[in-house]
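Data block below; observations after.
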Amino acid sequence: MSLFSLFITSFIVNNIIFSQFLGICPFLGVSKKIDTAAGMGLAVIFVIVLSSVITYLVQITILVPLGLEYLQTIAFILIIAALVQFVEMFLKKSSPGLYQALGIYLPLITTNCAVLGVVLINIQKEYTFIESLVNSVATPAGFLLAIVLFAGVREKVDSADVPESLKGSPIALVAAGLMSIAFLGFSGLSI
Amino acid sequence: MVIVSAVGVLGGIGVICGALLAVAAKMFHVPVDQKVMDVRNALPGANCGGCGYPGCDNLANAIATGAAPVNACPVCNSDAYEKIAGIMGVTASIGEKKVAHVMCRGCDSNATKKYDYSGYHDCKAAAAVAGGNKSCDKGCLGFGTCFEVCAFDAISIVDGLAVIDKEKCTSCGKCIDVCPKAVISLVPYKQDVIVECENKDFGKAVKEVCKVGCIGCKMCEKNCPFDAIHVENNIAKIDYEKCTQCMICVEKCPTTIISGDLLKRKKAFIEEDKCIGCTICAKKCPVGAIEGELKSKHKVIEDKCIGCGECASKCPKKAIEMK
């Protein structure tokens, strides 16, 4: 599989939201406005790339030599949580502008299953370092695409005449389901 | 042996992460300005956005750094301003408090309707259909779009007309932004005498659509002793700077569109001990309600007094009180 086809597969065909159903919580929670949705998406890219690099190194240098692969999940959760905390502190000090932009989203991502999902997939599919790097850029990019598209839909829905009982979350879930079906159209794509 | 290494590795990772975070917390410590915290606590915390910043936190930041004045929050009362000013170490220059007021009294029993509106219960939606169902072009539609947006529970809909409780209003301006007919304006909190109509049509046209609308007859303008009310474009406008709330216009208005409770009208009261009989008050009274010869104690004729306060402000001995 070439890197390009890996990118497209992770980005669109196996879209993390619409076909793997990971990271649904922020997808529904932070998608009321396009601005904030884009902010969240960028923060997710940032955290996933960073954490997949670190967890990959931990896997190769610590877990595999000691035969402790079954500890992946716990170890990775630990590392991701600490990493996000660290990044938050670092940004607050070194780049207040970026901290302001990402600020409220960073803690939200700590416990996001999308992050854990991507780093575990990297290991399970036995990607090389470069491949896992590509995968961990493409997957959250798919998250960004999905959440921004969905925020656009929700902004339109806001001003539409929605039946009383469907207002708010119900119509958002219906819209999300329809978008997921639309993305199903990519599933036959092979590059 | 396996368990030991597993515990060791996980524990090790945990300890390393913990140590790293502890070091990082010290290294990357950013001192949060105590001022920001204090100002934030003094602000209402409703995150209404009335100040133009995204929320109270951002405004607190802006006030603490001096980017915004201490009275930038339109929602705070004067106590809060003083508190913030105290934190910042400056004296607050507090502007006159203003409140939102609905400039229309076309409730369902006063105003006629163009058509029966049975669509979505929302002023904006109704206004999209030929400008709304009230015959008057400047009328409050009363579907409660302002009521929905008010975070302070100050607006109620009474008989198809929005009414704002001025005690609860914080002048955040949200209702003004959202009203499709633009019938809500800010007026000074103290002002009770308000022309509650904005229809600029001629008298006959106004009469056809509303029982109480301003017909531009100029009765108020002719009778105002302070030159504070003028009819421009067939609508009476009060200059709130000049208005003393004597309520002569309220009495004279043939359609009763000028608000004001005549029962609450104040009366001048002369303290005889202080009065030196200078006759300044008698000369200044616009309605001749004060009598008394030079060098003798003056008297107020209560029936004539309109409570404008002109005499009280001019008395050199401060002998007149408004009660």
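Quantities reported herein were computed from a predicted structural model and do not represent experimental measurements. Here is the naming used below: chain letters follow the sequence lines, and residue numbers restart at 1 for every chain.
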#### Entry: Partner residues of A:S31 under the side-chain hydrogen bond (donor to acceptor under 3.5 Å, both in side chains) criterion, sequence neighbours left out
A:R154
### Query
Mind checking what makes side chain to side chain contact (heavy atoms under 4.5 Å, CB included) contact with A:V148, not counting sequence neighbours?
A:I34, A:A38, A:L144
### Message
By the salt bridge (Lys or Arg N to Asp or Glu O under 4.0 Å) test, which pairs, at least two apart or in different chains, include something from residues 141-162 of chain B?
### Response
none
### Task
Hey, can you tell me if A:F11 and A:F7 have their rings parallel, tilted or perpendicular (30° and 60° cut-offs)?
tilted
### Query
Are there residues of residues 157-170 of chain A that reach to under 4.5 Å of chain B by heavy atoms, and which ones?
A:D161, A:K167
### Task
Check whether A:L63 gets within reach of chain B through its side chain, its backbone, both or neither, counting any heavy atom under 4.5 Å.
side chain
### Message
Given 3.5 Å as the limit, does a donor-acceptor pair link the side chain of B:S135 with the main chain of B:T112, or not?
### Response
yes
### Message
Consider side chain to side chain contact (heavy atoms under 4.5 Å, CB included). Of A:V47, A:V49, A:I48, which one does A:I45 pass it with?
### Response
A:V49
### Query
Which one, B:V2, B:L10, B:D122, leads in non-hydrogen pairs under 4.5 Å with chain A?
B:L10
### Task
Determine the interplanar angle of the A:F18 and A:F183 rings, folded into 0 to 90°, and report it as parallel if under 30°, tilted if 30 to 60°, perpendicular if over 60°.
tilted
### Summary
If one checks every heavy atom of B:A125 against chain A at 4.5 Å, the contacting part turns out to be neither
